[in-house]
*Asks:* 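Below is a structure I'd like to ask you about.
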Amino acid sequence: MADRPFIVLNMASTLDGKIGLPGKRPLKLSSEEDFARVHRLRAEAQAVVVGIETVLADDPKLTVKEEHVPDGSSPLRVVLDSAGRVPRGAAVLDGSTATLIVTAEDVSGTFPNAEALRCGTGEIDLLRLVGHLAERGVQRILVEGGGTVAWSFLRAGLVDRFHVYIAPWTMGDERAPSLLAGNRADSPGDMRRLRLREVTVLGEGLLVTYEPAQKGGGTEEGRGG
Ligand SMILES: NC(=O)c1ccc[n+]([C@@H]2O[C@H](COP(=O)([O-])OP(=O)(O)OC[C@H]3O[C@@H](n4cnc5c(N)ncnc54)[C@H](OP(=O)(O)O)[C@@H]3O)[C@@H](O)[C@H]2O)c1
């Protein structure tokens, strides 16, 4: 894609790279300072993407809170949901701002207060989705997880900036979901190399920002910061 949107991945983890409790039970890792930063990231984006497992686990609203960003507008909420499993009472279907539920081609039906987009067979075709969002005028996409969606975007070369807020906690349980969750990595060739851009102390945690080792994805010029 010649001029795709700029894609920011943002996650919060423990020191040992865990993003939730075992069984995908929700876990608050962000400090107040970090929450404010995430809301600013949302306000800078025109679309925010999460996976269906995050919706099922956390029921996030994904809007911009006035207390964090006065007069900020909320991005389009995008849920990757191949099988159309989003619960009818989910916060993303509250109608408070626009929502796009992205399913596989063979899923029919509608969702209350949301638009449906059929995109791919099996899992969602991310390139097609990004192209669709670009056609709608989206210039900046924020991906908020979970680990499976985060890894899909990274693996596809669709991340231009990756922020990890590392909270001063350890988990010590291998059953807990990880920052990035994908298939096996059998050799160094299966890994992805990133370039360190910035490390900042944020409250009691660390904010670490990476960018791709090789340039060539979305560009930030004129794209909101
Ligand atoms: N700390 C943080 O920053 C943070 C942020 C978000 C979530 N979380 C935590 O992360 C956990 C959930 O993460 P998760 O990895 O299990 O799930 P996830 O990434 O939220 O969702 C993954 C699901 O999305 C669907 N999907 C459709 N197309 C996809 C594609 N192209 N690539 C990837 N996924 C696609 C698949 O389900 P279908 O096949 O049914 O479509 C897949 O199983 C929860 O514990 C939540 O609390 C933590």
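Atoms within a ligand are numbered from 1 in the order they appear, just like the ligands themselves. Nothing fancy with the numbering, it's 1 onward along the sequence.
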*Asks:* Shared ILVMFWY cluster between Met191 and Leu154, side chains joined below 4.5 angstrom?
*Replies:*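 Each belongs to a different hydrophobic cluster.
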
*Asks:* Would you indicate whether the side-chain heavy atoms of Ile7 and Val49 approach each other to under 4.5 Å?
*Replies:*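 Of all side-chain heavy-atom pairs linking Ile7 with Val49, none is under 4.5 Å.
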
*Asks:* For the pair Asp160 and Arg140, evaluate salt bridge (charged side-chain N to carboxylate O under 4.0 Å, His left out) and give the outcome as yes or no after the intermediate values.
*Replies:* CA-CA 10 Å; Asp160 302 301; Arg140 195 176 180 97; over 6 Å; no

*Asks:* Please list, in number order, the atoms of ligand 1 under 4.0 Å from a heavy atom of Ser152.
*Replies:* 30 (C), 32 (N), 33 (C)

*Asks:* When you measure from atom 36 (C) of ligand 1 to every protein heavy atom, which one gives the shortest distance, and what is it?
*Replies:* Ile52 CG2, 4.3 Å

*Asks:* Please list the nearest protein heavy atom to atom 44 (C) of ligand 1 with its residue and the distance rounded to 0.1 Å.
*Replies:*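 Checked against all protein heavy atoms, atom 44 (C) of ligand 1 sits closest to Ala57 CB, 3.8 Å.
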
*Asks:* Would you check the N or O atoms of Pro26, main chain and side chain alike, for any that come under 3.5 Å of an N or O of ligand 1?
*Replies:* no

*Asks:* Report the C-alpha distance between Asp186 and Arg184 in whole Å, list the side-chain angles of each, state the deciding distance to 0.1 Å, and finish with yes or no for salt bridge (charged side-chain N to carboxylate O under 4.0 Å, His left out).
*Replies:* CA-CA 6 Å; Asp186 287 322; Arg184 294 159 32 160; 3.1 Å; yes

*Asks:* Hey, which atoms in ligand 1 end up nearer than 4.0 Å to a heavy atom of Gly147?
*Replies:* 13 (O), 15 (O), 19 (O)

*Asks:* Side-chain contact test, heavy atoms from C-beta onward, threshold under 4.5 Å: evaluate it for Leu127 versus Leu158 and give yes or no.
*Replies:*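 They are in side-chain contact.
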
*Asks:* Quick one: which ligand 1 atoms are inside 4.0 Å of a heavy atom on Asp81?
*Replies:*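 Within the 4.0 Å cut-off of Asp81, ligand 1 contributes 41 (O).
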
*Asks:* Is it the case that one hydrophobic cluster holds both Val107 and Leu80, taking links as side-chain heavy atoms less than 4.5 Å apart, direct or via other members?
*Replies:*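 Cluster IDs for Val107 and Leu80 differ.
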
*Asks:* Would you mind finding which of Leu56, Val79, Val143, Thr54 brings a heavy atom closest to atom 7 (C) of ligand 1?
*Replies:* Thr54

*Asks:* Using distance alone, determine whether Ser82 and ligand 1 share an N or O pair under 3.5 Å.
*Replies:*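 Yes, at least one N or O pair falls under 3.5 Å.
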
*Asks:* Side chains of Val92 and Leu62: closer than 4.5 Å at any heavy-atom pair?
*Replies:*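 They are in contact (side-chain heavy atoms under 4.5 Å apart), so the answer is yes.
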
*Asks:* Between Glu53, Lys24, Glu123, flag the one that comes closest to atom 29 (C) of ligand 1 by a heavy atom.
*Replies:*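 Looking at heavy atoms only, the winner is Glu123.
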
*Asks:* Under 4.0 Å from a heavy atom of Met11: which atoms of ligand 1 are those, numbered in the order shown and with their elements?
*Replies:*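 Reading through ligand 1 atom by atom, the close ones are 3 (O).
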
*Asks:* Determine, stepwise, if the pair Arg155 / Asn183 fulfils side chain to side chain donor-acceptor pair (under 3.5 Å).
*Replies:* CA-CA 11 Å; Arg155 187 188 52 200; Asn183 292 328; 6.0 Å; no

*Asks:* Who gets closest to atom 48 (C) of ligand 1 by heavy atom: Leu9, Asp58, Ile19, Asp59?
*Replies:* Ile19

*Asks:* Applying the side-chain hydrogen bond (donor to acceptor under 3.5 Å, both in side chains) criterion to His132, which one of Glu135, Arg128, Arg136 satisfies it?
*Replies:* Arg136

*Asks:* Is there a chain of hydrophobic side chains (I, L, V, M, F, W, Y, each step under 4.5 Å between heavy atoms) that links Leu180 to Ile141?
*Replies:*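 Yes; tracing contacts between hydrophobic side chains, which count when under 4.5 Å, links both residues.
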
*Asks:* Look at atom 3 (O) of ligand 1 and say which protein heavy atom is nearest, naming residue and atom and giving the distance to 0.1 Å.
*Replies:* Ala12 N, 2.8 Å

*Asks:* Near Glu174 CD, under 6.0 Å, is it more than 12 heavy atoms from other residues, nucleotides or ligands?
*Replies:* no

*Asks:* I want to confirm something. Looking only at heavy atoms, which of Leu27, Leu179, Thr148 is nearest to atom 42 (C) of ligand 1?
*Replies:*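 It is Thr148 whose heavy atom sits nearest to atom 42 (C) of ligand 1.
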
*Asks:* Linking I/L/V/M/F/W/Y whenever any side-chain heavy atoms sit under 4.5 Å apart, do Phe162 and Leu29 land together?
*Replies:* no

*Asks:* Which ligand 1 atoms are under 4.0 Å away from a heavy-atom of Leu126?
*Replies:* 31 (N)

*Asks:* Have a look at ligand 1 and work out which part of Arg85, if any, has a heavy atom under 4.0 Å from it: side chain, backbone, both or neither.
*Replies:*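 Only the side chain of Arg85 comes within reach of ligand 1.
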
*Asks:* Just go through Ile124, Leu180, Thr14 and tell me whose heavy atom is the nearest to atom 31 (N) of ligand 1.
*Replies:* Ile124

*Asks:* Check each atom of ligand 1 against the heavy atoms of Glu144 and keep those under 4.0 Å away; list them by number with element.
*Replies:*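 This gives 5 (C), 6 (C) as the contact atoms.
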
*Asks:* Starting from atom 25 (C) of ligand 1, find the nearest protein heavy-atom neighbour and note its residue, name and distance.
*Replies:* Leu80 O, 3.6 Å

*Asks:* May I ask you to decide whether Asp94 forms a salt bridge with Lys61, counting only side-chain N to carboxylate O separations under 4.0 Å?
*Replies:*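 Lys61 and Asp94: salt-bridged.
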
*Asks:* If you count the atoms of ligand 1 from 1 in the order shown, which ones are under 4.0 Å from a heavy atom of Pro177?
*Replies:*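 What qualifies from ligand 1 is 45 (O).
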
*Asks:* Closest non-hydrogen protein atom to atom 13 (O) of ligand 1, residue and atom name please, with distance?
*Replies:*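 Here the nearest protein heavy atom works out to Gly146 CA, 3.5 Å.
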
*Asks:* If you measure from NE2 on His68 to CD on Glu32, what distance do you get to the nearest 0.5 Å?
*Replies:*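 Going from NE2 on His68 over to CD on Glu32, the span is 6.0 Å.
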
*Asks:* I'd like to check which ligand 1 atoms, numbered from 1 as shown, lie under 4.0 Å from a non-hydrogen atom of Gly51.
*Replies:*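 Near Gly51, meaning under 4.0 Å from one of its heavy atoms, ligand 1 has 18 (P), 20 (O), 21 (O), 24 (O).
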
*Asks:* I want to know if ligand 1 touches Gly20 in the polar sense, i.e. an N/O pair below 3.5 angstrom.
*Replies:*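 So ligand 1 has no N or O lying under 3.5 Å from an N or O of Gly20.
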
*Asks:* Any idea which protein heavy atom is nearest atom 34 (N) of ligand 1, and the distance to it?
*Replies:*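 Heavy-atom neighbour on the protein nearest atom 34 (N) of ligand 1: Val149 CG2, 3.6 Å.
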
